[in-house]
Asker: 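I have a structure I would like to understand better, so I am pasting it below and will then ask my questions one at a time.
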Amino acid sequence: MAVIVMTSYHPELSSAHKNRLLCVSKRMRADSYDEFVTFLEKDISEQFVRMESASDKHYCAKEDSITNELAGNLINLGYDDADEQTKKNGAVDLTVSSSGYTWIAEAKLGKSNPQVFEGLLQLVTRYVKRDKQAGLLVYCQKAGAVTFFTNFSNYLKNKKWQQSATIAKDAKQLQKINNSFNSLTISNKEDYSFDLIVNKPSGVDLKVKCICLDVAHEPMDASGRAANSLKLENARLDLIQIFEDWKETDFEDLDQAKLKIALGDFLEIKV
């Protein structure tokens, strides 16, 4: 009678699998805070590329929903914890912890330069204390993400907040903002990221990694043109953008031509 002996089979790991395990180990046991942050920033950028391949799921999603998905993805990569909306002098949008280190980020939908700048103010003047590095995540849901992100870096470089109708009204508050942002520096500028150095209210510099997510979804093929639900959401986003631009002029300069088109699209679509 033949006897069959079952043995376990352990195939040799591929180089890709070995590299993946090595990356998980580095996330769990970073040798330094700088290594932890460098790895995390790279992981967030790579996760954004993955999320952009599902723009049809994110182009009209709420800010918290996008951040929550990112947090879950980071935990799956091996970080000890990643939470959306944690308490730290307010609700911090993203907190990531591993190897005994913690990194926080503020997330904003890319509606307007002043609106994203307000998120940066939250981060720098409310949330960070002894943090040496932090992040600003910008979620662009309309076409032209790279242009928007470049314009935002120029907004910072040229100190355009000083002319903002929604930010520069109070002279005392503006002076406090200038104390942190007047001497800012921008480096490592790429299409979807740049490094920003600002001065915290404590007087110590803070490095902010600004990273852009491009989830615009306006397909021009036949099925895309016929999708009323998609057209409705994009018309809604157009109206939000028009309102943000109008608000920035203290409600004095309204682009009526754009408003007419956006309202027409929004009201005429039947779902």
Side-chain angles (χ1 to χ4, degrees), residues 48 51-52 54-66 106-122 136-170 174 177 181 186 189-194 210-271:
F48 276 7
M51 294 171 73
E52 286 169 1
S55 292
D56 57 329
K57 305 295 191 299
H58 299 114
Y59 79 100
C60 59
K62 292 183 178 179
E63 176 188 295
D64 292 350
S65 176
I66 296 174
E106 177 68 7
K108 283 293 180 184
L109 296 177
K111 298 176 183 177
S112 69
N113 289 326
Q115 181 255 353
V116 176
F117 185 70
E118 289 285 4
L120 189 58
L121 288 177
Q122 281 180 275
L136 178 69
L137 311 178
V138 182
Y139 306 150
C140 290
Q141 296 178 312
K142 292 295 293 178
V146 173
T147 298
F148 178 88
F149 200 56
T150 298
N151 287 341
F152 179 64
S153 69
N154 290 333
Y155 177 92
L156 296 174
K157 183 170 63 176
N158 297 323
K159 302 177 176 57
K160 288 294 185 69
W161 70 83
Q162 296 175 343
Q163 288 83 47
S164 170
T166 56
I167 295 173
K169 288 183 176 181
D170 188 316
L174 180 59
I177 294 172
F181 292 92
I186 294 173
K189 178 72 175 73
E190 298 181 358
D191 285 345
Y192 294 95
S193 68
F194 62 85
C210 303
I211 311 176
C212 177
L213 171 70
D214 178 5
V215 286
H217 184 61
E218 299 181 59
M220 295 294 105
D221 57 282
S223 61
R225 296 194 303 273
N228 280 344
S229 59
L230 191 153
K231 289 190 288 185
L232 184 66
E233 285 297 339
N234 276 303
R236 180 181 65 83
L237 293 173
D238 286 338
L239 288 171
I240 291 173
Q241 184 65 62
I242 291 167
F243 176 78
E244 290 291 335
D245 293 342
W246 187 31
K247 182 171 68 173
E248 177 56 14
T249 67
D250 206 15
F251 300 104
E252 292 183 358
D253 187 12
L254 175 63
D255 191 327
Q256 296 188 21
K258 284 186 177 180
L259 178 62
K260 181 179 178 180
I261 293 171
L263 275 176
D265 289 343
F266 187 80
L267 296 173
E268 290 174 11
I269 295 169
K270 292 186 170 81
V271 293

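This structure is a prediction, so every number in the text was calculated from the model and none was measured. Reckoned from all heavy atoms, side chains included, excluding hydrogens, waters and symmetry mates.
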Asker: Taking atom CD of Gln163 as the centre, does the number of heavy atoms from other residues, nucleotides or ligands within less than 6.0 Å exceed 12?
Answerer: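 Yes, CD of Gln163 has more than 12 neighbouring heavy atoms, counting only those of other groups under 6.0 Å.
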
Asker: Measure the NZ-CD distance between Lys160 and Gln162 for me, rounded to the nearest 0.5 Å.
Answerer: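 If we round to the nearest 0.5 Å, Lys160:NZ and Gln162:CD are 11.0 Å apart.
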
Asker: For the residue pair Leu259 and Asp255, establish whether any side-chain heavy-atom pair is separated by less than 4.5 Å.
Answerer: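 Not in contact.
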
Asker: Is the number of heavy atoms from other residues, nucleotides or ligands within 6.0 Å of NZ (Lys189) greater than 12?
Answerer: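 Yes, enclosed.
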
Asker: Examine distances only and state if a side-chain atom of Gln141 and a backbone atom of Gly110 form a donor-acceptor pair shorter than 3.5 Å.
Answerer: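 It does not hold such a pair.
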
Asker: Who pairs with Lys142 by salt bridge (charged side-chain N to carboxylate O under 4.0 Å, His left out), at least two apart in sequence or on another chain?
Answerer: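 Salt bridge (charged side-chain N to carboxylate O under 4.0 Å, His left out) list for Lys142, sorted by chain: Glu218, Asp238.
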
Asker: Find the distance between OH (Tyr155) and CG (Leu120) and round it off to the nearest 0.5 Å.
Answerer: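 Result: 10.0 Å between the selected atoms.
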
Asker: Please list, chain by chain and in numerical order, all residues satisfying side-chain contact (heavy atoms from CB on, under 4.5 Å) with Asp253, sequence neighbours excluded.
Answerer: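 Expected list: Thr249.
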
Asker: For the atom pair OG (Ser164) and CZ (Phe117), what is the distance rounded to the nearest 0.5 Å?
Answerer: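 Between Ser164 OG and Phe117 CZ, I get 8.5 Å after rounding to 0.5 Å.
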
Asker: Is the shortest heavy-atom distance from the side chain of Trp161 to the side chain of Asn113 under 4.5 Å?
Answerer: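 Not touching, per the 4.5 Å side-chain cut-off.
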
Asker: Hey, are the side chains of Glu118 and Ile167 touching, using non-hydrogen atoms and a 4.5 Å cut-off?
Answerer: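 The answer is yes; the side chains approach within 4.5 Å.
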
Asker: For Lys157, does the NZ atom sit with more than 12 other heavy atoms under 6.0 Å from it, leaving out its own atoms?
Answerer: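 Atom NZ in Lys157 is not packed in, count stays at 12 or less.
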
Asker: State the NE2-NE2 distance between His217 and His58, to the nearest 0.5 angstrom.
Answerer: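 The NE2 atom of His217 sits 12.0 Å away from the NE2 atom of His58.
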
Asker: Is there a side-chain contact between Leu137 and Leu213 in this structure, where contact means two heavy atoms from C-beta onward sitting under 4.5 Å apart?
Answerer: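 The answer is no; the side chains never approach within 4.5 Å.
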
Asker: Once rounded to the nearest 0.5 Å, what's the spacing between atom OH of Tyr139 and atom NZ of Lys111?
Answerer: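 Answer rounded to 0.5 Å: 13.5 Å.
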
Asker: Can you tell me how far OG of Ser112 sits from CZ of Phe148, rounded to the nearest 0.5 angstrom?
Answerer: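 The OG atom of Ser112 is 6.5 Å from CZ of Phe148, to the nearest 0.5 Å.
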
Asker: Flag the pair Ile211 / Tyr192 as yes when at least one side-chain heavy-atom distance between them is below 4.5 Å, and no otherwise.
Answerer: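 Not in contact.
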
Asker: Under the side-chain contact (heavy atoms from CB on, under 4.5 Å) rule, collect the residues that match up with Ala145, sequence neighbours excluded.
Answerer: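 Residues passing side-chain contact (heavy atoms from CB on, under 4.5 Å) with Ala145: Cys140, Cys212, Asp214.
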
Asker: State, yes or no, whether a side-chain contact exists between Leu136 and Val116 at a heavy-atom distance under 4.5 Å.
Answerer: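 The answer is yes, as the side chains (C-beta and beyond) meet within the 4.5 Å cut-off.
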
